[in-house]
Amino acid sequence: MALLRACKRAYAEVIQLEKFVINGGKPLIGEVSISGAKNAAVAILPATILAADKCVIENLPDISDVAVSLQILSALGAKIRMLNKNSYEIDTSHITATQVPDELSRQMRASYYFLGALLGRFGSGKVAMPGGCNLGPRPIDQHLKAFCALGAQDSVEYGMIEVSGRPLVGAHVFFDTVSVGATMNAMLSAVLAEGQTVLENVAKEPHIVDLANFLNMMGADVRGAGTDAIKIRGRKALHGCTYSIIPDQIEAGSYMVAAAITGGNVLIKNVIPKHLEPITAKMELAGVIIEEYDDAVRVVRTGDLLPLKIKTMPHPGFPTDMQPLMTVLLTLARGTSIITEGIWENRFRYVDELVRMGANIQVDGQVAVIEGVPELQPAPLRASDLRAGAALVMAALAANGTSEIDEINHIERGYEGLVEKLQGLGADIRRVEKFVSVLPQAL
Ligand code: EPZ
C-alpha cells in the first residue's frame, strides 16, 4: 500500500487552473466600453476565406473564440498579421487546405462556419462535428439543408463532417426553424454560387446583418438581412476590404445586469442602443432606469426590482443568451417571475448554483419560476457554460461576502477583459491561479 501511495504521489500531475474570487456587495459605478460582438466575429473571420485576398478586421474582441478562429485560419494557410489586440490583417489568398484541424474545430461550436466558407470558395470543406456550450441537442440539419439545396453533398465519418459540390447553384431555401448558424452558413456558401439564392424564415439577429454588411463590402450582393428573407445574387469573385465589427449586444446586456443587480450607476459605452431594445424594455419593466444616448446607455437602479415574465425568442425577441443573466437579476425582485426558455432545451443547468446562494427557483422543463429573495449569499460556484458563468459573476457581485467561481475558461471564451472592466467599475474581483493535483487514470 505504502509503495502504491508513493507511486501515486510521484506520478500525480499538477495542473494549473484559474478561478475568479469576488468580494461582492458593492454598487458598480463608472463607465465601461463594450467590445466587438463574439457571434459576429466568429462568422466574419471564416468569411475572409471567400475573398482570396487581404482583409483587415477591426474591433475583434480579444477572447479565446476569436483566438481559435485565427488559429484555424492560420492552419488552413492564411497569413495573419496582428495590427493591435483588436485588429488583424488576414490574407487568405494562399489557402489551399479545406479541412479544419480536428483539435481546433472541437474547441468552438462556431467552427461550423468554416464549412460554409470553404464550400463557397473551394467546393469542399471538412470540420469535426462542433463542440461549444452544452445547452441541449444542437443539430446542424438546417445548415446541411441549405448546402444541399445549392448542390452540395454531405457525409459524416468518424466525427468529421464533410460537404462538397461544385459548381454551387443558387436555390430557394425555406428553413424549418429559425437558426442563426444556418442563416449565416447559407449566406457564406451562396455568395459565390451561380445565380440567385433566396433564404426564407431566416434569423434576424444584429450579427446576421453584420455578416451581410461585411460580405457586401467584399463585393457580394446580399439583400434583406435583418428581415425574414435574404436574397443573394452570386458573384464570380469577392475582394478584400477593411471592416469593423459591431459592438456585442450580450456583453452590453451583461453589464446592464451588473449595474442593476448591484444597485449601481454605469455608463455603458460603444453600444448600438437599438440592438439592446429587447433587453432595455424588460429591464425598465423591472424598475431599472435606462437612459439612451447615440452610442451609450446609462443604467441606474435605486429602488426595488420588480418581477417579470419573459420568454426567450429569436431576434427581435428577448435573447436566449441573456436568459441566465436575467434570471440572476430576478432572484432579487419583489415577487414571482417566470422565465420560459424558447430556444434551447437545456439552459437552466446553472440554477442549482444559484439555489446554493439562497435563490428560490423551481425549474420544470423549459420554465423557471423565481420567487424573489431579499439577498443572495456568497458561495463556491462552478461555471457550466459561457453565459451561465457570466450570470454567476453577476450573482457573486450582488452577494455580500466572498464567492469563488471555477471553470472560468467558459466565461473567457466570450468576455474580453471581464475582470479589468469590472474592476474599473469598482468591483472587488480577482483572477487567481489554482493548482490541482490529478492522478493518472492507470494508478
Ligand atoms: C447562436 O448559436 C449563438 N452562437 C448562440 O450563442 C445563441 O444562443 C444562438 O445562436 C441563439 O441566438 C453563435 O453565434 C456562435 P441556432 P447557433 O442555430 O447558431 C435549432 C452564446 O452564448 N437548430 O440559432 O448554434 C437549435 O437546436 C451562444 O454566445 C436546429 O434544429 O443557434 C436551437 O433550438 C450560445 N437545426 C435553435 O434552432 C439546425 O440546423 C436555434 O439555434 C440549427 C439549429
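As the structure lists them, so they are numbered: ligands from 1, and atoms in each ligand from 1. Keep in mind that what you see is a predicted model, and the values were worked out from it rather than measured. Just the heavy atoms: all of them, side chains too, but no hydrogens, waters or symmetry mates, feed the values below.
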Arg382/Asp406 salt bridge by N-O under 4.0 Å criterion: no

Residue part near ligand 1, for Ile343, under 4.0 Å between non-hydrogen atoms: both

Thr320-ligand 1 polar pair, N/O distance under 3.5 Å: no

Polar proximity ligand 1 side, Val180 side, N/O cut 3.5 Å exclusive: yes

Test item: Ile411 and Phe20 side chains (from C-beta on) under 4.5 Å apart, heavy atoms: yes

Those atoms of ligand 1 less than 4.0 Å from some heavy atom in His143: 40 (O)

Within reach of ligand 1, part of Asp141 (heavy-atom separation under 4.0 Å): both

Min N/O separation Ala182 to ligand 1 under 3.5 Å: no

Atoms in ligand 1 with a heavy atom of Tyr112 nearer than 4.0 Å: 17 (P), 19 (O), 25 (O)

Test item: Met283 and Leu329 side chains (from C-beta on) under 4.5 Å apart, heavy atoms: yes

Qualifying residues under ring pair (Phe, Tyr, Trp, His ring centres under 6.0 Å), relative to His207, sequence neighbours excluded: none

Beyond-backbone contact of Thr312 with Met326, side-chain heavy atoms, under 4.5 angstrom: no

Salt bridge present between Asp228 and Lys204 (N-O < 4.0 angstrom): yes

Within reach of ligand 1, part of Met184 (heavy-atom separation under 4.0 Å): neither

Contact atoms of ligand 1, heavy-atom distance to Ile140 under 4.0 Å: 39 (C), 40 (O)

Pro139 to ligand 1, any heavy atom closer than 4.0 Å: yes

Side-chain heavy-atom pair Val363, Arg349 within 4.5 angstrom cut-off: no

Salt-bridge present (Asp221, Arg223; N to O < 4.0 Å): yes

Atoms of ligand 1 close to Lys38 [distance to a heavy atom under 4.0 angstrom, numbered from 1]: 21 (C), 29 (O)

Ile245 side, atom CD1; Lys38 side, atom NZ - distance, nearest 0.5 Å: 12.5 Å

Within-4.5 Å side-chain heavy-atom neighbours: Leu276 and Val297: yes

Distance filter under 4.0 Å to Arg109 heavy atoms, resulting ligand 1 atoms: 25 (O)

Proximity of Gln142 to ligand 1 by residue part, where a heavy atom lies under 4.0 Å: both

Residue-ligand contact Arg347/ligand 1, heavy atom below 4.0 Å: yes

Min N/O separation Gly181 to ligand 1 under 3.5 Å: yes

Under 4.0 Å to a heavy atom of Arg387 - the qualifying atoms of ligand 1, by number: 21 (C), 22 (O), 29 (O)

Under-4.0 Å heavy-atom contact with ligand 1, by part of His207 that carries it: neither

Salt-bridge contact Arg106-Asp102 (side-chain N to carboxylate O under 4.0 Å): yes

